[in-house]
Amino acid sequence: MAAELTTRLLTAEQFLAADLGEGTFELVHGEVVRMSPPSPEHGLICGNIAGILWEYGRRSGFGYTLSNDSAVLTERSPDTVRGPDVCFYSHARWPRSQVSRALPPVAPDLVVEVSSPGNRPGAMLQKIGEFLNAGVLMVWVVYPKSRTVAVYRTFDAPPVVLQLDQTIENLPELPGFRCLVSDVFL
C-alpha cells in the first residue's frame, strides 16, 4: 500500500503568524509560495508610486498608502493572501487608526502591481481577477518595458491603457488625484 502524502493548508491568519524565514511569500490556495526578489528598477517604480500616492493622501486627507507587499486577503477556503507592490486605502473604507498587524478587514481601494520580466500574462490576469473579486475598486498594472499603466476596474472589460505622455486623472475612486504616467517611471 502506497503512503498517502497530505499537505496541510494554512489559513490567512496562520500564514501571517508563521515564521517563514527570510524572503517574501504569498499564500495561494492555502499553500505558501516564495516570491522572487524584485529588480532595482521594480523597486524604484514601486517607490515612485508609493510616494505619489502618499503625497496625494497627505494633501487630500482621503487615505493612505501601504507598500512592501502588505497582506491583502483575496480568497477564503482555501485562503489566498497576496502582497501587492503598493496599495491605497481610503479612510472611509478602512481608517488609518485601525491599521495593525492583523489582516485588513476590507480590500484596498487601489492595488498596484509592477510587472516583472518573469511574470506570466495568465498569472497576472489571475491576480487581477482575484483582487477585483475580493472587492478592490481599481487595479493598476505598470509595465516598465512599454512604459504604460493599465487600469482595471472590472474583469469583464478591457483595461484603459495609459501611455507615457498621458495623465492618470478623473478617477472616481481617488477624487482629485492627478499624476503624469511619466512620473511613475522617473
Min side-chain heavy-atom separation [X]-[Y] under 4.5 Å:
| X | Y | result |
| --- | --- | --- |
| M124 | V141 | yes |
| T167 | R178 | yes |
| W94 | Y64 | yes |
| V184 | V142 | yes |
| V181 | Q163 | no |
| V114 | P144 | yes |
| V86 | L66 | no |
| L110 | V136 | no |

Quick check: closest heavy atoms across [X] and [Y], and the distance to 0.1 Å?
| X | Y | answer |
| --- | --- | --- |
| S67 | A50 | CB-CB, 4.4 Å |
| P78 | G30 | CB-N, 3.9 Å |
| P172 | R153 | CD-NH2, 3.9 Å |
| L125 | F155 | O-CE1, 3.3 Å |
| E22 | R34 | O-NH1, 3.0 Å |

Give a yes or no answer on whether the side chain of [X] reaches the backbone of [Y] with a donor-acceptor pair at less than 3.5 Å.
| X | Y | value |
| --- | --- | --- |
| Q98 | P95 | no |
| N133 | G129 | yes |
| R96 | G63 | no |
| S116 | N119 | no |
| D19 | G21 | yes |
| E31 | V28 | no |
| D69 | T24 | no |

* Lys/Arg N to Asp/Glu carboxylate O, E41 vs R147, below 4.0 Å -> yes
* To do: Show which residues join W54 in its hydrophobic cluster (side-chain heavy-atom contacts under 4.5 Å, direct or indirect), or state none.
  => none
* Considering only Ile, Leu, Val, Met, Phe, Trp and Tyr, and joining two whenever side-chain heavy atoms are under 4.5 Å apart, list the other residues clustered with L180. => none
Shared hydrophobic cluster for [X] and [Y] (ILVMFWY, side-chain gaps under 4.5 Å):
| X | Y | value |
| --- | --- | --- |
| Y143 | I52 | no |
| L27 | F131 | no |
| V111 | I49 | no |
| V112 | I45 | yes |

* To do: Look at the aromatic rings of Y56 and F177 and report parallel, tilted or perpendicular, splitting at 30° and 60°.
  => perpendicular
* side chain to side chain contact (heavy atoms under 4.5 Å, CB included) between I168 and L162, worked out -> CA-CA 8 Å; I168 306 169; L162 300 170; 3.6 Å; yes
How many angstroms lie between atom [atom1] of [X] and atom [atom2] of [Y], to the nearest 0.5 angstrom?
| X | Y | atom1 | atom2 | result |
| --- | --- | --- | --- | --- |
| L174 | D109 | CG | CG | 7.0 Å |
| L137 | S90 | CG | OG | 7.5 Å |
| F15 | F25 | CZ | CZ | 8.0 Å |
| R58 | L53 | CZ | CG | 13.5 Å |

* To do: Decide yes or no on side chain to side chain contact (heavy atoms under 4.5 Å, CB included) for D183 and N48, but give the supporting numbers first.
  => CA-CA 7 Å; D183 287 348; N48 289 346; over 6 Å; no
* Asked: Quick check: are there more than 12 heavy atoms from other residues, nucleotides or ligands sitting under 6.0 Å from CZ of R59?
  -> yes
* **Ring centre gap for H91 and F62 strictly below 6.0 Å** => no
* **Pairs involving residues 70-88, ordered by first then second residue, that meet salt bridge (charged side-chain N to carboxylate O under 4.0 Å, His left out) (sequence neighbours left out)** => E13-R76, E26-R82, R76-D79, R82-E130
* Trace of the side chain to side chain contact (heavy atoms under 4.5 Å, CB included) decision for L171 with E169 -> CA-CA 5 Å; L171 305 171; E169 61 185 340; 5.9 Å; no
